[in-house]
Asks: 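Encoded as structure tokens, here's the structure I'll be asking about.
For ligands, and for the atoms within them, numbers begin at 1 and follow the listed sequence.
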Amino acid sequence: MTDTVHKTMGQQSGRRSWAEPWKIKMVEPLTMTRREDRERALTEAGYNTFLLRSDDVYIDLLTDSGTSAMSDRQWAGLMLGDEAYAGSRNFYRLEQAVQSWYGYQYVVPTHQGRGAEHLISQTAIRKGQYVPGNMYFTTTRLHQELAGGIFVDVIVDAAHDPSDLSPFKGDVDLAKLEQLIREQGADNIAYVSLAATVNMAGGQPVSMANVKALHELCRRHGIKLFLDATRLVENAFFIQEREAGYQDKSIAAISREFCSYTDGAWMSAKKDSLVNIGGWLALNDWPLFEEVRNLVVVYEGLHTYGGLAGRDMEAMAIGIEESMQDDHVRSRIGQVRYLAQLLEDWGIPMVMPVGGHAIFLDARRFYPQLAQGEFPAQTLAAELYLDSGIRSMERGVVSAGRDASTGDHHYPKLELTRLTIPRRVYTQAHMDVVAESVKAVFDARAAARGLKMVYEPKYLRFFQARFEPL
Ligand code: P71
């Protein structure tokens, strides 16, 4: 007998516990790995977590992209796939879902987000035009650059500071945008590229006030505003929580209002929309859409399937509806916050406030002894894997790549390691194991020595680069 009185996590925090609005119907066994196996696997993978086999991973927090669990309704939807080459009924279901939940008029499916980024970049950017955005995303910026565009970061300064507690660190700095318009002229701006939430800033939201003001500014100058809607419902949650006047509005209503201030959107449905593959591009402007609809047949497939099977479009249509439910979003972000709370209490350095889809550990503060060129965030991802078999992702100097004109590394202010939480996949007990591993790696931080890059591919180098310990 011990005299310890155990308490639930809710009781420890002086609140009633909450739980997910679903129960588990099917389970997938995980590989339990041993330290010596992990050492071998990581060496074979060139110290790059993208090159690990998932069989060598215990808890996979590489990404929330395509890794979420579908519902029984979505799985049932797969059986309703109409695998016609043209005019599949599932396309019309998807089109209707995008029209009613996001509010755009014209829709093409794409195989995933970057397929849609390719189409919008190729049709809406003229060579040499500027594309201002609220911080870069890797694939988004690359497609803009491949189309001849010049990306300019116009996010608020607070986004680059991991300890700035502003509630809307995804906002566009309107003064920065106005200055760009003044200097370059509205005609030299292809469109404004707005992401909600901002992945590379730590999943930070954009306020409704900001998108509204941005809409007004763009309208005055005749510039289009396009939205990366990949994690919009998570953004809507933060608006509901933090912005005056939105507490009683639903996630669905907030999302729809947000979209109403934009001229179109691209989507990686592998995130918010709870599918393993899929995306779309939607516009309100018919002439531009006509170009997109023509180009999609070159790169993705006919405009009524865009690289997807009918069943994928059905699962996406159902996923869109599920993703917009308040209880779902609350529990999804609640789980991210549960992990964050433990880490915060233990003094682990990370981006604050915590965003919607992930914890971003601050590798600079983990490893002050490492220069950025010794890849602190890549080192932290490697150490976490060695400690417990948890897979995370580098989001620092490796991800930032090289400057297209000078060939030097981009040295981003943020040097982060992302613990990304798939939706509806892991339990609170998994989160406890993750928290304890991060703590163990933090306690051993003084021993870290850093890495050197020994192989570097030309595009999106972080996927395939190889490293060796220093
Ligand atoms: C994520 C991903 C997937 C990814 C992409 C590149 C490097 C590593 C991992 C993808 C996004 C995203 C946003 C805001 C567009 C895409 C591309 N994110 N916009 O976070 O987060 O979508 O992957 O479906 O092509 O792990 P796609």
Asks: Would you please say whether a donor-acceptor pair under 3.5 Å links the side chains of Glu20 and Ser331?
Replies: no

Asks: Test your reading of the model: is there a side-chain donor-acceptor pair from Asp272 to the backbone of Leu232, 3.5 Å cut-off?
Replies: yes

Asks: Could you check atom 11 (C) of ligand 1 against the protein and tell me its nearest heavy-atom contact, residue, atom and distance included?
Replies: Phe137 CE2, 3.3 Å

Asks: Mind checking whether Glu394 contacts ligand 1 via backbone (N, CA, C, O), side chain (CB onward), both or neither, at a 4.0 Å heavy-atom cut-off?
Replies: neither

Asks: Below a 4.0 angstrom heavy-atom separation, can you tell me which part of Met393, side chain or backbone, both or neither, approaches ligand 1?
Replies: side chain

Asks: Tell me whether Arg231 reaches ligand 1 (any heavy atom closer than 4.0 angstrom to a ligand atom).
Replies: yes

Asks: Would you say Gly113 has any N or O atom under 3.5 Å from an N or O of ligand 1, going by distance alone?
Replies: yes

Asks: Please find the pair of heavy atoms, one from Ser193 and one from Thr140, that lie closest to each other, and give the distance.
Replies: OG-CG2, 4.1 Å

Asks: Are any of the N/O atoms on Gln112, whether in the backbone or the side chain, positioned under 3.5 angstrom from an N/O atom of ligand 1?
Replies: yes

Asks: Would a 4.5 Å heavy-atom cut-off, applied to side chains only, mark Asn276 and Met70 as touching?
Replies: yes

Asks: Just go through Asp228, Asn199, Thr139 and tell me whose heavy atom is the nearest to atom 13 (C) of ligand 1.
Replies: Asp228

Asks: N/O of Thr63 under 3.5 Å from N/O of ligand 1, yes or no?
Replies: yes

Asks: Give a yes or no answer on whether the side chain of Ser255 reaches the backbone of Ala236 with a donor-acceptor pair at less than 3.5 Å.
Replies: no

Asks: Is the shortest distance from a Lys or Arg side-chain nitrogen in Lys224 or Asp285 to a carboxylate oxygen in the other one below 4.0 Å?
Replies: yes

Asks: Do the side-chain N and O atoms of Asp64 and Thr420 include a donor-acceptor pair separated by under 3.5 angstrom?
Replies: no

Asks: Which of the atoms in ligand 1, numbered in the order shown and given with their element, are less than 4.0 Å from a heavy-atom of Thr138?
Replies: 6 (C), 7 (C)

Asks: Counting heavy atoms only, name the option from Arg114, Lys271, His118, His143 that's nearest to atom 5 (C) of ligand 1.
Replies: Arg114

Asks: Which ligand 1 atoms are under 4.0 Å away from a heavy-atom of Phe463?
Replies: 6 (C), 7 (C), 8 (C)

Asks: Establish, yes or no, whether the cationic atom of Arg231 lies under 6.0 Å from the six-membered ring centre of Phe237 and within 45° of the ring axis.
Replies: no

Asks: Considering heavy atoms of the protein only, find what lies nearest to atom 24 (O) of ligand 1 and give residue, atom and distance to 0.1 Å.
Replies: Ser268 OG, 2.6 Å

Asks: Please report which non-hydrogen protein atom sits nearest to atom 15 (C) of ligand 1, along with the residue it belongs to and the distance in Å to one decimal place.
Replies: Glu117 OE2, 3.1 Å

Asks: Think Arg391 forms a cation-pi with Tyr385, using NZ or CZ under 6.0 Å from the six-ring centre and within 45 degrees of its axis?
Replies: no

Asks: What are the atoms of ligand 1, with element, lying closer than 4.0 Å to any heavy atom of Lys270?
Replies: 24 (O)

